[in-house]
Amino acid sequence: MRMTDKVLQNFNTSAFQNALIEWYHANKRDLPWRADQDPYKVWVSEIMLQQTKVDTVIPYFKQFISKYPTPRDLAYADQQEVLKTWEGLGYYSRARNLQHAIQEVVASYDGKVPDDPNELGSLKGIGPYTKGAILSIAYNQPQPAVDGNVMRVLSRVLKVDDDIAKTSARKKFETYAASLISHDDPSSFNQGMMELGALICTPKEPMCMFCPVQDYCRAFQEGVQQALPVKSKQKKQKVVPYTVLLIQNDKGHYVIEKRPADGLLANMWQFPMVPTVEIGNDHIEQWFHMEYGIDITKKVKKGNLKHVFTHLVWQLEIYEATTASTKVTDERLKIISRDELDEYPFPVSHQKMMKYLR
DNA sequence: AAGCCGGGGCG
DNA sequence: CGCCCAGGCTT
């Protein structure tokens with residue numbers, strides 16, 4: 001007997017489906033991306049919702065769709081403008097991959113989001129979860145869509161103690177989800193699982209008293225819902241110190257720098273950052289001249305700022321500086337007025353410094 | 001399989 | 001401050 005069969009043995013699948021779907025229809029939140037089933041809008045919402053809370057996504061989704069209502073609008077947009085629209089949402093590769101994939105949809109599929117699992121899944125930024133979400137929600141196909149919510153719900157309902165941080169666990173939960181999914185209403189089933197995870201079957205203190213599938217939940221029956229899911233914790237981030245330079249010239253314009261096209265915060269803009277470990281606080285002006293070809297004078301320290309990423313911590317020491325330059329030769333740099341700062345996409349850490357300038 | 005890639009909210 | 005979280009890509 002296969003492992004999948006053992007876990008699902010004696011499980012009342014159709015009763016579970018009915019209870020979940022009925023609850024979903026009665027309790028689903030009225031969210032902007034649920035106004036219709038436009039595959040493009042479903043896609044945009046699912047990308048934004050990756051690792052991101054609903055409340056955070058709502059205003060971004062509205063602005064994004066009003067700016068780029070159709071795949072073609074997004075495909076032909078300038079990437080810097082797309083990043084500006086994404087500014088503050090984080091994981092900016094999502095925006096770059098989404099636009100890249102949409103361009104492929106326009107070029108290869110006449111602007112229509114493919115409903116073929118292989119075609120859809122091969123698009124940039126669409127992994128197993130997003131593929132299943134789009135196929136089930138927009139095209140009503142019975143495909144599993146296993147995210148963190150679904151793994152949490154299933155780990156409790158089926159009492160599975162696999163470490164959900166591992167890839168192998170996600171694959172296992174996908175086979176369970178594929179077996180459990182309603183073929184009558186795959187969209188409501190998948191969205192119901194995620195809605196249940198968000199509203200009832202929460203990470204801590206799940207509200208089992210209000211749970212529509214309490215009768216079918218093995219963890220609840222045994223009182224172990226608090227101990228599930230099992231998830232190994234990530235290790236601590238590395239702390240990296242930088243000196244940030246808020247450089248102004250005589251006209252009060254600022255020097256800003258475009259980050260590399262790859263890696264952390266790719267193609268975003270920032271106030272120049274000097275890696276303190278490599279350069280040392282005493283050689284910053286020299287180094288800046290060597291690196292960028294302009295002369296600066298470091299002035300007073302304005303403060304410290306700690307910014308935490310998933311696996312990295314920036315320890316920022318912020319200095320005011322001046323330069324006599326009015327133009328730059330280095331391609332990474334620009335000198336712009338304070339008002340023009342609003343036109344460039346900055347990560348949140350640098351937006352905080354910008355706020356401080358006003 | 002493990003590392004890389006943001007940000008906000010919570011207690 | 002540590003902890004949590006609607007993933008996917010690269011190596």
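Chain identifiers are assigned alphabetically (A, B, ...) following the order of the sequence lines, protein sequences preceding nucleic acid strands; residue numbering begins at 1 within each chain.
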For this session: Please check if the distance between the ring centroids of A:Phe288 and A:Tyr292 is under 6.0 Å.
Result: yes
Contact class for A:Lys131 (heavy atom, under 4.0 Å): base, sugar-phosphate, or nothing? nothing
### Message
With a 4.5 Å cut-off on side-chain heavy atoms, are A:Leu74 and A:Val82 touching?
### Response
yes
Contacts of A:Ser168 and A:Phe309 projected onto DNA chain B by closest heavy atom; the upstream (5') one is A:Ser168
Rounded to whole Å, the CZ-P distance (A:Arg170 to C:dA6) equals 15 Å
Winner on side-chain proximity to A:Lys231, out of C:dC5, B:dG7, C:dG7, is C:dC5
*asked:* For A:Phe61 together with A:Trp33, are the ring centres under 6.0 Å from each other?
replied: yes
From CD of A:Glu205 across to P of C:dC3 the rounded distance in Å is 18 Å
Value for OG1 (A:Thr130) from CZ (A:Arg94), rounded to nearest 0.5 Å, stands at 10.0 Å
* Would you say the ring centroid of A:Phe189 lies under 6.0 angstrom from that of A:Tyr24? -> no
Separation of C:dA6 atom P from A:Leu154 atom CG, nearest Å, is 13 Å
From CD1 of A:Ile164 across to P of C:dA6 the rounded distance in Å is 8 Å
Sort me out a list of protein N/O and nucleotides 3-5 of chain B N/O pairs below 3.5 Å, or just none if empty.
from  : atom 1 : to       : atom 2 : distance (Å)
B:dG3 : OP1    : A:Lys235 : NZ     : 2.8
B:dC5 : OP1    : A:Leu264 : N      : 3.2

When rounded to whole Å, the CG to P distance for the pair A:Leu89 and C:dC5 reads 19 Å
Which is true for A:Arg29 with a 4.0 Å heavy-atom rule: it touches a base, it touches only sugar-phosphate, or it touches nothing?
base
A:Lys204 NZ to C:dC3 C1', in whole Å, measures 6 Å
Q. Expressed in whole Å, how much space separates the C1' atoms belonging to C:dC5 and B:dG6?
A. 12 Å
Quiz item: Can you check whether A:Pro241 reaches A:Glu317 side chain to side chain, under 4.5 Å on heavy atoms?
Solution: no
Interatomic distance, NZ@A:Lys131 vs CD1@A:Ile134, rounded to 0.5 Å, equals 11.0 Å
(message) Strictly below 4.0 Å: does A:Lys233 bring a side-chain N or O up to OP1 or OP2 of C:dC4?
(response) no
Strictly under 3.5 Å: I want the nitrogen or oxygen pairs between protein and nucleotides 9-11 of chain C, one per line.
from   : atom 1 : to       : atom 2 : distance (Å)
C:dC9  : OP1    : A:Gly125 : N      : 2.8
C:dT10 : OP1    : A:Lys124 : NZ     : 3.3

Within residues 189-198 of chain A, the residues having a heavy atom closer than 4.0 Å to DNA chain C are A:Met194, A:Ala198
Within residues 50-60 of chain A, the residues having a heavy atom closer than 4.0 Å to DNA chain B are A:Gln51, A:Thr52
A:Val348 meets the side-chain contact (heavy atoms from CB on, under 4.5 Å) criterion, sequence neighbours left out, with A:His307, A:Gln351, A:Lys352
Original post:
Taking side chain as C-beta onward, heavy atoms only, is A:Asn267 less than 4.5 Å from A:Pro345?
Top reply: no
- Side chains of A:Leu245 and A:Phe271 in contact at under 4.5 Å (non-hydrogen atoms): no
So the side chain to side chain donor-acceptor pair (under 3.5 Å) pairs with at least one residue in residues 109-123 of chain A (sequence neighbours excluded) are A:Arg72-A:Asp110
Once you apply a heavy-atom cut-off of 4.0 Å, does A:Ser45 come out as touching a base, just sugar-phosphate, or nothing? nothing
CE of A:Met268 to OH of A:Tyr344, rounded to nearest 0.5 Å, is 14.0 Å
A:Lys166 atom NZ is separated from C:dG7 atom C1', nearest whole Å, by 17 Å
Between A:Met273 and the options A:Ile318, A:Val240, A:Val244, the side chain to side chain contact (heavy atoms under 4.5 Å, CB included) test singles out A:Val244
Checklist entry - Would you say the side chain of A:Glu81 lies within less than 4.5 Å of the side chain of A:Lys67, judging by non-hydrogen atoms? => result yes
Distance check: side-chain N/O of A:His307 vs OP1/OP2 of B:dG7, anything under 4.0 Å?
yes
query: Is A:Arg152 touching bases, backbone alone, or none of the nucleic acid, heavy atoms closer than 4.0 Å?
result: sugar-phosphate
Here the distance between atom C1' of B:dG6 and atom CE of A:Met48, to the nearest Å, is 14 Å
Heavy-atom side-chain proximity of A:Thr322 to A:Asn249 below 4.5 angstrom: no
